[in-house]
2 protein chains.
Amino acid sequence: MAAAQPLKPTDAELEILQVLWQNGPSTVRFVNDELNKTKEVGYTTTLKIMQLMTEKNMVRRDESNRSHVYEALLKEEATQKQLLNKFLDTTFRGSASRLVMQALGSHQTTPEELNQIRELLNKLEGGSK
Amino acid sequence: MAAAQPLKPTDAELEILQVLWQNGPSTVRFVNDELNKTKEVGYTTTLKIMQLMTEKNMVRRDESNRSHVYEALLKEEATQKQLLNKFLDTTFRGSASRLVMQALGSHQTTPEELNQIRELLNKLEGGSK
DNA sequence: AACCAACTACGAAATTATTCGTAATTCATT
DNA sequence: AATGAATTACGAATAATTTCGTAGTTGGTT
């Protein structure tokens, strides 16, 4: 045990991580309530998965209160990057540009976000033009 | 049976679809050989999954020859779009721009591809500037 | 100090996906 | 027309994940 950071979360684990990333350290009750805004899932199911995540060192648990408080140990950006790599590989055969084109083409993006992306493009191309 | 197009392929199915998309209609033997360039997988395993895919109408099978020839029915772009939607949701909470930034930031992209993306940005922003 | 609501622990069932062994079939070659 | 290599069909084992019931624990309130 005591596995290193690069552990790929499953779907259920990722949903829980999202709640923890967005809201900070939380109880099982809170996480389960959040999840139930989207889909029905039993309390003990959420509890169980969070217990497993604790064993895998994906989260840390503060047991000083009766209701344990869980905190994400996996970093959001690093985890996203890792999942992105795999997704890029399996779905787009590694072509980042094709993924980007698809993502931009079929999803709502605000002008501000587009500008951010444009700036990044400028940097990547060497700044000029 | 006779399910509609929007069927989410599993990982193993996606690997097979990639081979079919890249090489056109192929036999199990060919697909299995391709897969084995990357990872070890038994012939009957590949066969079985392709048979299941046939039942799900993900592929069509030409049985006129002894070695059946399988052809992808799912369209590459449509499938990618569908998987992208889900991935975007679960991993980036729906923020396409964050995904794009990550993808561009940490992956090799050629100047030509960057230009393609820039053109798309222009179109999305209303053409000017 | 008994009660009760909320919580944790744990085992096991259910679900989904993957893997493969074995038997049956086919066809080209002898 | 018998042989054998390659193929398909199929059932079942394995694996991975998710789900949840039940039992036990805890701590505040009466």
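Residue numbers start from 1 in every chain, and the chains themselves are labelled A, B, ... in the order their sequence lines are given, proteins ahead of strands.
For the OP1/OP2 pair of D:dT7 and a distance below 4.0 Å, the side-chain nitrogens and oxygens of B:R29 include at least one atom meeting the criterion. In terms of phosphate contacts, B:Q51 brings no side-chain nitrogen or oxygen within less than 4.0 Å of OP1 or OP2 of D:dT8. At the phosphate of D:dA9, OP1 or OP2 sits under 4.0 Å from a side-chain N or O atom of B:R61.
Counting non-hydrogen atoms of other residues, nucleotides and ligands closer than 6.0 Å to CD of B:E71 gives a total above 12. Around CZ of B:R93, the count of heavy atoms belonging to other residues, nucleotides or ligands within 6.0 Å exceeds 12. A 6.0 Å sphere centred on CD of B:E63 holds more than 12 heavy atoms belonging to other residues, nucleotides or ligands.
Side chain of A:T44, nearest nucleotide from D:dA5, D:dC20, D:dA9: D:dC20.
One atom, OH of A:Y43, and another, C1' of D:dT19, lie 15 Å apart when rounded to the nearest Å. Between A:R66 atom CZ and D:dT29 atom C1' the separation is 13 Å, expressed in whole Å. With rounding to whole Å, A:I49 atom CD1 is found 11 Å from D:dT17 atom P. Look at CG on B:D11: it is 18 Å from P on D:dA15, rounded to the nearest Å. The interatomic distance linking A:M53 (CE) with D:dT18 (P) rounds to 10 Å, in whole Å. Rounded to whole Å, the distance from NZ on A:K56 to C1' on D:dT18 is 11 Å. In this structure, A:E13 places its CD atom 14 Å from C1' of D:dT19, rounding to the nearest Å. Residue A:L47 contributes atom CG, which lies 14 Å from atom C1' of D:dT18 at whole-angstrom precision.
Taking the six-membered ring for Trp and thresholds of 30 and 60 degrees, A:F87 and B:F87 have nearly parallel ring planes, at less than 30 degrees apart.
Of all nucleotides in DNA chain C having an atom under 4.0 Å from a heavy atom of chain B, the first and last in 5' to 3' order are C:dA17 to C:dC27.
With hydrogens and angles disregarded, a donor-acceptor distance shorter than 3.5 Å links the side chain of B:W21 to the backbone of B:L74.
Among the heavy atoms of the strands lying under 4.0 Å from B:T45 is at least one base atom, whether or not backbone atoms are also near.
Looking only at side-chain heavy atoms (C-beta outward), A:L83 and A:L14 come within less than 4.5 Å of each other.
Note that CD of A:E15 and OG1 of B:T91 are 10.5 Å apart. Values are rounded to the nearest 0.5 Å.
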